Amino acid sequence: MTETVLILGGGQAGAQAVLSLRQQGFAGRLVLVGSEPFLPYQRPPLSKAFLSGALPRERLLIKPEAFYRQADVECILDTPAVSLDAAERQLTLADDRQLGFDQLLLATGGRPRQLQCPGADHPRLHYLRTLDDVERLREHFLPGARLVVIGAGYIGLEAAAVAVKQGLKVQVLEAAPRVLARVTGAQVSEFFAGVHAEAGVEIHCNTGVVGIDGDPDTARVHTATGDVMEADLVLAGIGLLPNVELAEAAGIACDNGILVDDLARSSAPGVLAAGDCSNHPSVIYGRRLRLESVHNAIEQAKAAAATIAGKPRPYNQVPWFWSDQYDLKLQTAGLLEGHDRALVRGDPQSRSFAVFYLRDNRLLAVDAINRPAEFIAARTLIPAGGQLDPARLTDENVAPQQFA
Amino acid sequence: MIKVTYIEFNGTERTVEVEEGVSLMEAAVNNLVPGIDGDCGGMCACATCHVHVEAEWLDKLAPMEEQEDAMLNLAEGRDGSSRLTCQIQATPELDGIRVRTPIGQH
Ligand SMILES: Cc1cc2nc3c(=O)[nH]c(=O)nc-3n(C[C@H](O)[C@H](O)[C@H](O)COP(=O)(O)OP(=O)(O)OC[C@H]3O[C@@H](n4cnc5c(N)ncnc54)[C@H](O)[C@@H]3O)c2cc1C
Ligand code: FES
């Protein structure tokens, strides 16, 4: 009997799993089920080149349609799965179809955390996760329009950068004391706040949102500090909730994501998980992580495919991420939590510098702004785990390849 | 449209037609050319789109920017002919270009 592998979720991880399974020689039946009406596409451009209009929709696809045909994949799009019976190995779709499987990969990603304040159903309030989200947003994303961004994370700031370049009037509200507070150190936050201010974006930190009202065409955003901001468009980027409900209801262990081991296996036999929806153990950092990045989705999907194909290969990589704002390319390697020192190499004024995050002189993470060499060096230095000489890290006469 | 030939490490050649302005990485992905992944979608952030450009075409390419040069250090087997295909846009001068995909990307 031929083996059936189901992949639930047609995103970055789902697309990679299809590719890797066939590359690993899996010859059985392969079905990709997705709730969106599109073949898997890239999300990063949604807040960058696609939002700005520089990249047409057709160029977002991760693989062309022909790829799925050639790989002999049954694609069931626009059809969410509604329940999972892990013991019987059966998945039920919204159209009542039942799909049996031998192995299932959950690659369900996540959904934007919703604002909880009064008025959170205002028609001009948007989130940014899917192509459809961007299409809706773009209707009012016009020069002269007033945009209020709630949350100064990567997505919010990337959208702010595109917006101000297109002539929108942009204000950003952030509840924390600094921008990007969840993902970077104080130096990089300060740098990006400065860059945005220079470009004409007004940033207000320590300012939460308490409510939204106004008529359907104009949102009035009320802040905790008592200000009212009128906007033609409000974009909330306040985090992601992993899509774990289906797994949870099936009795699969979840805790901030579907819990998996380093081979991407969940607590239910035959059920694996990868990407934004999953939570995996990291040997490098000695704790569990739920990451939201293209690299994690791709590499974890490769590990899952290897497990399914019977050629297990543990997932253990240094996380990395990038963000593009204006002429700046930020590349982050590693995770900075727990650092006791942050060292700056280069002059932020020059718009090219790196920040090294260390604990006991061991490298935990780097933020490299227009500094690819430092980023690359860090990707080998972090897992190596050796003690580094802080003076060399900040000495511009020492090349990044010579840090160790 | 220009013609681009991708040559696998085992000698298999594939010639595809590429619209001007499209990168050689996108063209490879869209034409199911193996050995070019393009994980970051062409943002010059992943180095999974590395090729060796055949000598006669090398100096017809626009010079590398610092980002590409640095990212290439991540690529296995980098040499003087190494480039990232996401940073090469199809232009009329490149009609007929031949590039080799490295063994490590297969
Ligand atoms: C605007 C934006 C910008 C980003 N920029 C960057 C960046 O610069 N760099 C970077 O590294 N990362 C970036 N990311 C993050 C990156 O895109 C994600 O980490 C990646 O897409 C995760 O892949 P995934 O497959 O886990 O989830 P997704 O790509 O979200 O795919 C999950 C899919 O599963 C579907 N699904 C969920 N539940 C069901 C169900 N029950 N039935 C059927 N289908 C279901 C969803 O609809 C979705 O299509 C960005 C994300 C966004 C939104
Ligand atoms: S596609 Fe990532 S560097 Fe070229």
Side-chain angles (χ1 to χ4, degrees), chain A residues 12 15-16 19-20 22-23 41-46 48-50 54-56 58-71 293-299 301-302 320-324 327-333 352 368 370-380 399-401, chain B residues 6 8-10 12 14 16-50 64-78 82-90 101 103-106:
Chain A
Q12 191 86 49
Q16 184 64 45
L19 172 65
S20 296
R22 289 303 190 213
Q23 278 177 343
Y41 59 90
Q42 309 169 51
R43 296 189 198 284
L46 296 184
K48 308 177 182 84
F50 183 70
L55 196 70
E58 313 79 70
R59 287 174 73 177
L60 286 180
L61 287 188
I62 293 171
K63 295 281 176 196
E65 208 183 331
F67 163 77
Y68 298 91
R69 250 182 284 125
Q70 188 174 313
S293 73
V294 166
H295 170 250
N296 177 65
I298 288 177
E299 292 303 325
K302 285 184 191 169
W320 66 265
F321 185 82
W322 80 93
S323 172
D324 296 293
D327 58 332
L328 303 168
K329 179 182 287 296
L330 167 71
Q331 290 174 291
T332 295
S352 162
N370 293 350
R371 281 284 176 130
E374 282 77 353
F375 165 74
I376 286 153
R379 283 175 59 177
T380 40
Q401 302 91 289
Chain B
Y6 300 86
E8 275 179 63
F9 65 96
N10 64 10
T12 310
R14 279 187 188 72
V16 305
E17 302 252 325
V18 187
E19 211 175 305
E20 276 166 44
V22 169
S23 77
L24 301 202
M25 180 279 286
E26 281 184 88
V29 169
N30 290 339
N31 289 285
L32 313 181
V33 175
I36 295 183
D37 291 342
D39 286 354
C40 72
M43 296 313 301
C44 204
C46 71
T48 62
C49 65
H50 170 215
M64 269 193 252
E65 304 220 357
E66 186 194 339
Q67 176 78 24
E68 180 181 350
D69 191 6
M71 287 311 295
L72 271 170
N73 287 332
L74 274 182
E76 245 172 79
R78 176 187 188 166
S82 290
R83 292 294 302 253
L84 295 177
T85 43
C86 68
Q87 302 304 305
I88 305 175
Q89 314 291 326
T101 51
I103 187 162
Q105 272 165 215
H106 283 270

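Chain A is the first sequence line, chain B the second, and so forth, proteins listed ahead of strands; every chain is numbered from 1. Remember, it's a predicted structure, so these values are computed and weren't measured experimentally. Values below: all heavy atoms of this structure, side chains included; hydrogens, waters and symmetry mates excluded.
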Margin query: With a sphere of 6.0 Å drawn around CD of Glu20(B), does it hold more than 12 non-hydrogen atoms of other residues, nucleotides or ligands?
Written below: yes
Checklist line | Closest non-hydrogen atom pair, Asp324(A) against Met43(B) | finding: OD2-CE, 3.1 Å
Next item on the list: Locate the shortest heavy-atom distance separating Asn30(B) from Pro64(A); write the atom from each residue and the value.
Entry: O-CG, 3.3 Å
Notebook entry, point to check: Does any heavy atom of chain A fall under 4.5 Å from the side chain of Glu26(B), the backbone, both, or neither of them?
Noted result: side chain
Notebook entry, point to check: Can you name the nearest heavy-atom pair linking Gln42(A) to Gly41(B), along with the distance?
Noted result: OE1-CA, 3.2 Å
Check: Side chain, backbone, both or neither: which part of Glu65(A) has a heavy atom under 4.5 Å from chain B?
Finding: neither
Next item on the list: Would you mind checking which part of Lys329(A) comes under 4.5 Å of any heavy atom in chain B, side chain (CB onward), backbone (N, CA, C, O), both or neither?
Entry: side chain
Next item on the list: Identify which part of Leu60(A) has an atom lying under 4.5 Å from any heavy atom of chain B, answering side chain, backbone, both or neither.
Entry: neither
Check: Between CD of Gln12(A) and CG of Asp39(B), what distance do you get to the nearest 0.5 Å?
Finding: 7.5 Å
Next item on the list: Run the numbers on Gln331(A) and Gln67(B) for side chain to side chain contact (heavy atoms under 4.5 Å, CB included), then give the verdict.
Entry: CA-CA 11 Å; Gln331(A) 290 174 291; Gln67(B) 176 78 24; 3.3 Å; yes
Next item on the list: Determine the option with the most heavy-atom pairs under 4.5 angstrom with chain B, choosing from Gln401(A), Gln70(A), Arg59(A), Lys63(A).
Entry: Arg59(A)
Note to self: Just verifying a value: how many Å separate Ile376(A) CD1 and Asn73(B) CG, rounded to the nearest 0.5 Å?
What the structure shows: 6.0 Å
Item checked: Proximity breakdown for Arg379(A) and chain B, heavy-atom pairs closer than 4.5 Å -> side chain
Next item on the list: First locate atom OH of Tyr68(A), then atom CG of Leu32(B), and finally report the distance between them rounded to the nearest 0.5 Å.
Entry: 10.5 Å
Next item on the list: Before giving the answer on side chain to side chain contact (heavy atoms under 4.5 Å, CB included), spell out for Cys46(B) and Trp320(A) the whole-Å C-alpha distance, their side-chain angles and the decisive distance to 0.1 Å.
Entry: CA-CA 10 Å; Cys46(B) 71; Trp320(A) 66 265; 3.7 Å; yes
Item checked: Within 6.0 angstrom of Glu65(B) CD, more than 12 heavy atoms from elsewhere -> no
Next item on the list: For residues Ala45(B) and Phe375(A), report the shortest heavy-atom separation together with the two atoms involved.
Entry: O-CE2, 4.3 Å
Next item on the list: Could you tell me which non-hydrogen atom of Ala70(B) sits nearest to which non-hydrogen atom of Ala373(A), and how far apart they are?
Entry: CB-N, 3.8 Å
